[in-house]
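Just below is one structure, and these are the notes that go with it.
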Amino acid sequence: MLFGVGAEYYVDNWPAARHEYLSDQEADALAVPDLSVSPVFVQLMEQVDLIEREFGRVAGYINWQGVLNTAFRIRGDQIFMDLMMNPERAHHLFDVVSETMIAGMKCLYDRQRKTGVDIHHA
């Protein structure tokens, strides 16, 4: 959702990315989002605040998935064509996804550290 792909929510399963893949032009223009104003990330951090109020410590983990898995959710099967036909696009997408994950982890782990939970996954 940080990159413009919607989510499907299910009663009996995890949310999943909709098959709303970014075009070549959208992928080329993709940039690391400002997480401090991203509604998706702001909502996540609000949930962290709620957990702290209720339990004191924020001792949980986000499954950040992998870079390729996330790129696949952004581009669909086209990511594999990008790797072969336009590796610059694929590398750009991988860079944006990686840098976004790192920024998100740093922000979340810093927030968790303030509650006494010190995580060093990345």
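Below, each value reflects all heavy atoms present in this structure, side chains not excepted, and no hydrogens, waters or symmetry copies. Note that the coordinates shown come from a computational prediction; the quantities given were computed from them, not determined experimentally.
Tyr61 OH: 12 or fewer foreign heavy atoms inside a 6.0 Å radius. Atom CD of Gln47 has more than 12 heavy atoms from other residues, nucleotides or ligands within 6.0 Å.
Met101 and Gln65 get closest at one heavy-atom pair: CE-O, 4.0 Å. Nearest heavy-atom pair across Thr100 and Leu35 is O-CD1, 4.2 Å. Contact detail for Glu20 and Gly4: the closest heavy-atom pair is OE1-O, 4.5 Å. For the residue pair Gly60 and Ile119, the shortest heavy atom distance occurs at O-CD1, 3.7 Å. In terms of heavy atoms, His92 sits closest to Ala27 at CD2-O, 3.2 Å.
Arg73 contributes atom CZ, which lies 9.0 Å from atom NE2 of His19 (distance to the nearest 0.5 angstrom). Once rounded to the nearest 0.5 Å, the distance linking CG of Leu22 with CG of Leu30 reads 6.0 Å. Taken from CG in Asp77 to OH in Tyr21, the straight-line distance is 6.5 Å, to the nearest 0.5 Å. For the atom pair CD1 of Ile74 and CZ of Phe94, the computed distance is 10.0 Å after rounding to the nearest 0.5 Å. Rounding to the nearest 0.5 angstrom, the gap separating the CD1 atom in Ile102 from the SG atom in Cys107 is 14.0 Å. To the nearest 0.5 Å, atom CZ of residue Arg75 and atom CD of residue Glu26 are 9.0 Å apart.
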Go through the steps for Thr115 and Ile51 under the test side chain to side chain contact (heavy atoms under 4.5 Å, CB included), then give the verdict. CA-CA 10 Å; Thr115 72; Ile51 292 167; over 6 Å; no
Derivation of the side chain to side chain contact (heavy atoms under 4.5 Å, CB included) call for Asp49 and Arg111: CA-CA 9 Å; Asp49 292 341; Arg111 181 67 182 81; 2.8 Å; yes
Could you go step by step and tell me if Arg53 and Leu50 meet the side chain to side chain contact (heavy atoms under 4.5 Å, CB included) rule? CA-CA 5 Å; Arg53 283 194 303 274; Leu50 176 65; 3.7 Å; yes
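In this structure, Val42 is not a member of the same hydrophobic cluster as Leu2, with clusters built from ILVMFWY side-chain heavy atoms closer than 4.5 Å. A continuous path of hydrophobic side-chain contacts links Leu108 to Phe55 [ILVMFWY only; heavy atoms under 4.5 Å]. When hydrophobic clusters are built by joining Ile, Leu, Val, Met, Phe, Trp and Tyr residues whose side-chain heavy atoms come closer than 4.5 Å, directly or via intermediates, Leu83 is grouped together with Val96. Taken together through direct or relayed side-chain contacts under 4.5 Å among Ile, Leu, Val, Met, Phe, Trp and Tyr, Met45 and Tyr109 form part of one hydrophobic cluster. Tyr9 is connected to Phe41 through a chain of hydrophobic side-chain contacts under 4.5 Å among Ile, Leu, Val, Met, Phe, Trp and Tyr, so both are in one cluster.
Two residues are said to be in side-chain contact when any heavy atoms from C-beta on lie closer than 4.5 Å; Trp14 and Asn63 fail this criterion. Glu88 is not listed as a side-chain neighbour of Asp28, based on a closest heavy-atom distance of 4.5 Å or more. Two residues are said to be in side-chain contact when any heavy atoms from C-beta on lie closer than 4.5 Å; Gln78 and Asp82 meet this criterion.
Counting only distance, with no hydrogens or angles, the side chain of Arg18 and the backbone of Gly6 share no donor-acceptor pair below 3.5 Å. The backbone N or O of Asp34 lies less than 3.5 Å from no partner atom in the side chain of Ser38, so there is not a single donor-acceptor pair.
None of Arg113, Lys106, Gln112 except one satisfies the side chain to side chain donor-acceptor pair (under 3.5 Å) rule with Asp110; the exception is Arg113.
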